[in-house]
Amino acid sequence: MHTMEVRPPVPSRSSSRWRRYGRLAAANFVRGASYACGTAAIGLMAWWVQTR
């Protein structure tokens, strides 16, 4: 069965759903990146204090 390869045109309702998923993924990525940067900054500060 090759029904997955041929798709009908995407209705506007579905594109708004994908846009919402994209915004959610972007928000999660930004949150994760900021968390990682904060963790790295705290680790760098702790290392700098210990090496002084």
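Residue numbers count from 1 along this sequence.
- At a threshold of 4.5 Å between side-chain heavy atoms, the hydrophobic network of Ile, Leu, Val, Met, Phe, Trp and Tyr places Val49 and Leu44 in one connected group.
- Tyr35 is linked by a ring pair (Phe, Tyr, Trp, His ring centres under 6.0 Å) to nothing, counting only residues two or more places apart in sequence or in another chain.
- Every side-chain contact (heavy atoms from CB on, under 4.5 Å) that Trp48 has, sequence neighbours left out, goes to Arg52.
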